[in-house]
Amino acid sequence: MNHTLEGLNTEQQEAVCHFEGPLLILAGAGSGKTRVLTNRIAWLIEEKQIKPWNIMAITFTNKAAGEMRERVNRLVDFGAESIWVATFHSTCVRILRRFIDRLGYGTNFTIYDGDDQKSLMKDICKRLNIDTKIYRERALLSAISSAKDELIGPEEYRIRAQGDFGKMKTAAVYEEYQRQLKQNNALDFDDLICKTVELFQENPDVLDYYQEKFRYIMVDEYQDTNTAQFRLVSILASKYRNLCVVGDDDQSIYKFRGANIGNILNFEQFFPDAKVIKLEQNYRSTQNILDAANGVIANNSGRKEKTLWTANGKGEPVRFRKFSTAYDEAEFIAADISKETAKGEFSYKDCAVLYRTNAQSRLFEEKFLLSNIPYRLIGGVNFYARKEIKDLLAYMKTVDNARDDLAVRRIINVPKRGIGATTIARIQDYAASHDMSFYDAMKQAGEIPGIGRGGSRVAPFVSFIQTLRSKMEFYSVLDLLHDIIEQTGYVRELEAEDTDEARERIENIDELINKAAAYEETQEQPTLSGFLEEVALVADVDNLDEDDNRVILMTLHSAKGLEFPNVYLAGMEDGLFPSYMCIVSDDPGEVEEERRLCYVGITRAMKRLTLTGAQMRMIRGEQHFNKVSRFVKEIPEDVLTGMEKESRQEERKPYEEKAGNERESRLDFKKDYRKAREAFRARVFEPQQFQVKKADHLDYGVGDQVEHIKFGRGRVLQIVEGGRDFEVTVDFEKAGVKKMFAAFAKLKKV
DNA sequence: CCATCCACGTTTTTT
DNA sequence: ACGTGGATGG
């Protein structure tokens with residue numbers, strides 16, 4: 001038998017050996033879908049002699065893409081690297097970097113994240129005199145985002161809005177928002193997809209090029225695609241019709257982000273000749289866990305019927321524990337993990353605590369710190385969303401793309417340059433009336449009326465950026481970053497502050513430096529745009545390191561696609577999960593979406609599953625009293641333990657008895673919390689291989705001939721010992737005199 | 001132009 | 001409870 005079919009069940013084999021035409025694989029949780037996808041790729045290449053560069057596999061997260069890449073590399077001996085394995089977003093970026101000039105954008109466009117979108121929206125509302133009390137930025141942005149997900153452009157939006165006052169306002173905002181983005185040469189996340197669709201629709205030659213290139217297309221997590229993504233895929237596949245999608249309608253949990261569950265439910269209507277294969281054998285969990293999952297999901301309507309089964313045996317029952325407060329809940333989980341790891345039953349990294357909202361993570365962090373349990377928190381504030389990181393990135397963006405007004409304005413007065421709101425407004429007006437970018441207006445600051453002495457402060461900033469830009473000819477991303485840090489004194493300022501918080505920020509900056517170094521190491525052709533793009537497209541889950549022996553804390557959403565031997569689903573309470581919003585909503589579909597989320601959570605567990613809930617917890621500063629989640633009650637009784645003990649547990653731990661001690665210990669705790677937490681966090685950053693360290697000596701001296709990776713040969717003119725690194729001045733034969741930091745320059749003595 | 005104080009809303013989930 | 005953003009005063 002062909003080795004790509006070895007160890008696969010009948011259905012899996014059938015899916016792997018499907019050659020041409022549309023294919024829908026309905027793959028239940030843990031049914032080995034990634035394996036099927038990767039083996040199919042190998043099979044196409046080996047058995048059907050398909051060229052690797054004609055195959056594309058699309059995923060949603062970088063992590064999934066990375067995993068698939070790795071497996072494909074192992075399976076395919078020759079040409080694995082030319083198989084296109086990427087996320088939707090990075091696929092689109094790659095295409096747009098090449099062809100977006102056809103749509104009137106520059107190919108060095110920047111990508112706006114949520115924060116960027118919000119500040120742009122704030123500007124627009126101000127300019128259009130929109131009262132953000134009535135029309136909130138968030139609401140406007142989400143309306144625009146939904147429109148984009150449905151491929152509705154500003155013009156069409158306006159037409160559809162006729163007669164609706166509120167929507168007409170939104171239409172105006174949408175139009176202006178798109179105009180601004182274009183003027184800033186920027187795209188938001190949704191644009192990445194829909195501009196690519198637009199590009200294909202308006203440029204048959206480009207479309208044809210990619211249709212020829214991607215003759216075999218595979219889409220993972222298909223249930224999460226939105227209308228725009230579906231269109232993108234179907235346009236690409238329309239020529240050769242070799243579209244293979246893998247998904248599970250029961251795991252569709254991204255409706256709020258525009259995911260259209262109809263894409264999977266109606267696949268056979270779009271492609272009447274589609275072959276449909278169901279994978280129902282689960283290789284991950286015990287039968288008890290699957291029974292729990294099946295019991296819950298059975299309460300949803302309109303599903304593609306599937307029943308997971310396994311050959312793994314029943315395993316232990318699913319546990320349910322109810323506590324009087326959320327503190328007790330966290331304490332129990334911490335104690336339980338300590339117990340299990342001490343027994344040697346599970347190691348830390350086998351355990352995951354999953355919850356509905358990010359806010360719930362705090363209590364677990366606290367208890368874990370107290371119990372000395374190493375943990376890794378996924379989600380919350382994204383690393384790249386931190387202020388210090390965004391500041392530095394804004395500098396880099398400004399150097400990369402001078403049309404990105406948002407970035408320029410973010411940093412124009414960071415650090416303080418005495419350029420205030422008034423000056424900024426003047427420049428803004430001037431730029432608007434002369435139809436130029438903010439940055440270009442700054443260059444002519446002298447001519448701006450009423451700018452006064454602000455003008456003299458703007459000039460040095462402009463020349464600073466100009467100098468950086470001219471240095472880019474020979475600078476690496478790392479050089480640039482380091483130069484920015486040095487010249488702005490960003491780190492020096494933080495050092496002077498001498499607070500815990502400042503130290504944390506410096507650590508983050510060091511981590512950014514590491515990322516830049518890692519980027520340069522791993523990329524064959526590192527570019528500034530490339531780095532900024534990579535940074536814009538990473539999610540926190542992508543950084544999950546399997547070898548790291550820590551308990552994982554994350555939301556149910558982030559957990560999709562992962563598996564753990566020992567899983568805790570915390571906060572199983574009506575009002576929290578399913579959330580209050582869904583319960584009161586008149587759309588029953590909302591509770592169904594939560595139920596799918598619960599299904600996802602349950603099916604993450606391999607051996608042991610524990611559900612917990614609290615009767616009382618603080619939510620947004622208010623005490624809430626919740627009932628046990630309806631989802632717990634949907635689990636068949638015979639696989640669940642703990643439900644019956646419910647009432648007795650309540651009695652044993654009356655709230656008042658605990659309250660005094662709890663409060664006291666919490667007070668004590670607050671002092672140490674920050675410190676301990678920092679220490680913990682810091683360790684996450686520590687073991688990376690690209691640590692930038694000051695060398696204790698250099699193996700070259702003044703007068704020596706050295707070689708630089710980019711500039712070639714040169715002679716060392718001067719070496720100055722700085723606080724963080726040696727600053728080396730070299731006279732290069734071709735590139736001239738450069739100053740650089742020894743740790744980054746990697747000079748070699750010749 | 002900048003620092004400080006207070007009011008408000010925010011959270012359900014994220015590429 | 002917490003952070004953000006606006007208003008206010010120096």
Side-chain angles (χ1 to χ4, degrees), chain A residues 58-65 86-93 111-115 117-119 122 126 132-133 136-139 141-142 145 148-149 187-193 221 224-226 228-229 252-259 354-363 378-382 384-385 387 413 415-425 452-454 457 533 535-542 554-561 571 575-585 590-591 593-594 596-598 600-601 617-624 666 670:
Chain A
I58 299 195
T59 64
F60 273 83
T61 65
N62 295 301
K63 187 174 191 321
T87 65
F88 266 103
H89 294 273
S90 61
T91 295
C92 290
V93 170
I111 300 166
Y112 278 3
D113 67 12
D115 282 349
Q117 294 181 37
K118 211 170 152 200
S119 35
K122 250 171 95 183
K126 211 176 276 171
T132 53
K133 289 257 153 57
R136 294 191 195 296
E137 290 100 328
R138 279 188 80 92
L141 280 170
S142 94
S145 172
K148 288 183 178 180
D149 288 345
L187 301 183
D188 65 19
F189 281 122
D190 302 313
D191 279 340
L192 294 177
I193 313 291
E221 305 282 12
D224 290 331
T225 50
N226 62 33
Q229 287 160 336
S252 167
I253 54 172
Y254 283 112
K255 183 160 174 228
F256 70 93
R257 206 169 72 187
L354 310 180
Y355 37 78
R356 179 67 241 268
T357 67
N358 275 309
Q360 289 169 257
S361 67
R362 258 203 81 125
L363 286 178
I378 307 288
V381 197
N382 190 321
Y384 294 105
K387 182 184 170 301
N413 204 28
K416 304 259 178 298
R417 296 186 175 90
I419 304 173
T422 336
T423 311
I424 292 177
R453 70 205 150 100
R457 304 200 159 133
E533 156 191 327
V535 153
L537 296 179
V538 291
D540 212 3
V541 219
D542 299 334
M554 66 178 142
T555 63
L556 288 153
H557 280 87
S558 313
K560 195 170 64 149
L576 184 63
F577 186 35
S579 88
Y580 177 74
M581 298 295 279
C582 302
I583 296 175
V584 298
S585 158
E590 299 213 5
V591 174
E593 172 118 344
E594 299 269 304
R596 289 193 290 272
L597 192 54
C598 181
V600 167
R617 77 169 65 229
M618 281 286 232
I619 298 172
R620 285 205 286 289
E622 266 176 289
Q623 287 288 4
H624 284 241
R666 278 181 64 70
K670 279 222 160 153

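Labels below follow one simple rule: chain letters A, B, ... track the order of the sequence lines, proteins then strands, and each chain is numbered from 1.
Nucleic acid contact class of A:K118 (heavy atoms, under 4.0 Å, all strands): none. Contacts of A:D115 with the nucleic acid, taken as non-hydrogen atoms under 4.0 Å apart, are absent. As judged by a 4.0 angstrom heavy-atom cut-off over every strand, A:S558 is placed among residues touching the sugar-phosphate backbone only.
Between the CG atom of A:D188 and the P atom of B:dT14 there is a distance of 18 Å, given to the nearest Å. To the nearest angstrom, P of B:dT13 lies 15 Å from CD of A:E590. Separating the OH atom of A:Y254 from the C1' atom of B:dT12 is a distance of 12 Å, rounded to the nearest angstrom. Note: CD1 (A:I58) to C1' (B:dT15) measures 14 Å, nearest angstrom. Across the protein-nucleic acid pair, A:I424 atom CD1 and B:dC1 atom C1' stand 11 Å apart, rounded to whole Å. Separating the NE2 atom of A:H624 from the P atom of C:dA1 is a distance of 12 Å, rounded to the nearest angstrom. For the pair A:N226 CG and B:dT14 C1', the computed distance is 13 Å after rounding to whole Å. Taking atom NZ on A:K126 and atom P on C:dG6, their separation rounds to 7 Å, with Å as the unit.
Taking only side-chain atoms of A:S579, from C-beta outward, the nucleotide of B:dT12, C:dG6, C:dA1 with the closest atom is B:dT12. When each of B:dT12, B:dT14, B:dT15 is scored by its nearest atom to the side-chain atoms of A:E594, the top-ranked nucleotide is B:dT12. Distances were taken from every side-chain heavy atom of A:T61 (C-beta onward) to each of C:dG5, B:dT15, B:dT13; the shortest belongs to B:dT15. In the set B:dT14, B:dC2, B:dT12, the nucleotide with an atom closest to the side chain of A:N358 is B:dT14.
Side chains of A:Y580 and A:I619 form no contact here, defined as non-hydrogen atoms less than 4.5 Å apart. The side-chain heavy atoms of A:L192 and A:L537, taken from C-beta on, include a pair separated by under 4.5 Å. In this structure the side chain of A:Y355 reaches within 4.5 angstrom of the side chain of A:T555, judged on heavy atoms.
A:Y254 and A:H557 have tilted rings, their planes meeting at an angle from 30° to 60° on a 0 to 90° scale. The aromatic rings of A:H89 and A:F189 sit perpendicular, their planes meeting at an angle over 60°, well past the 30° parallel limit.
Not counting sequence neighbours, the partners of A:S252 by the side chain to side chain contact (heavy atoms under 4.5 Å, CB included) test are A:Q223, A:I261, A:R596.
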Practice task
For the pair A:H624 and A:M618, evaluate side chain to side chain contact (heavy atoms under 4.5 Å, CB included) and give the outcome as yes or no after the intermediate values.
Solution key: CA-CA 6 Å; A:H624 284 241; A:M618 281 286 232; over 6 Å; no
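Of the two residues contacting DNA chain B, namely A:R356 and A:N413, the nearest-nucleotide position lying further toward the 5' end is that of A:N413.
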Enumerate all atom pairs, one protein N or O and one N or O from nucleotides 8-11 of chain B, separated by less than 3.5 Å.
residue: B:dT11; atom: OP2; partner: A:R138; partner atom: NE; Å: 2.8
residue: B:dT11; atom: OP2; partner: A:R138; partner atom: NH1; Å: 3.4

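Between the side-chain ring of A:F256 and the base of B:dT13, a stacking contact exists by the 5.5 Å and 30° definition.
A donor-acceptor pair under 3.5 Å is absent between the side-chain atoms of A:E593 and the main chain of A:E590, judged by distance alone. Side-chain atoms of A:T91 come within 3.5 Å of backbone N or O of A:T87 as a donor-acceptor pair.
Phosphate proximity of B:dT15 to A:S145: absent, as no side-chain N or O sits under 4.0 Å from OP1 or OP2. For A:T555, no side-chain nitrogen or oxygen approaches OP1 or OP2 of B:dT12 to under 4.0 Å.
Between the side chain of A:H557 and the base of B:dT14, no donor-acceptor pair under 3.5 Å is found. At a cut-off of 3.5 angstrom, the base of B:dT15 holds no donor-acceptor pair with the side chain of A:R257.
A distance of 10.5 Å separates OG of A:S142 from CD of A:Q117, quoted to the nearest 0.5 Å. Here the CZ atom belonging to A:F88 is positioned 4.5 Å from the CD atom belonging to A:Q229, to the nearest 0.5 angstrom.
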Practice task
Quick one: the dot-bracket string of DNA chain B, using Watson-Crick and G-U wobble pairs with both distances under 3.5 Å, [ ] for crossing pairs and | for bases paired to another strand.
Solution key: ||||||||||.....
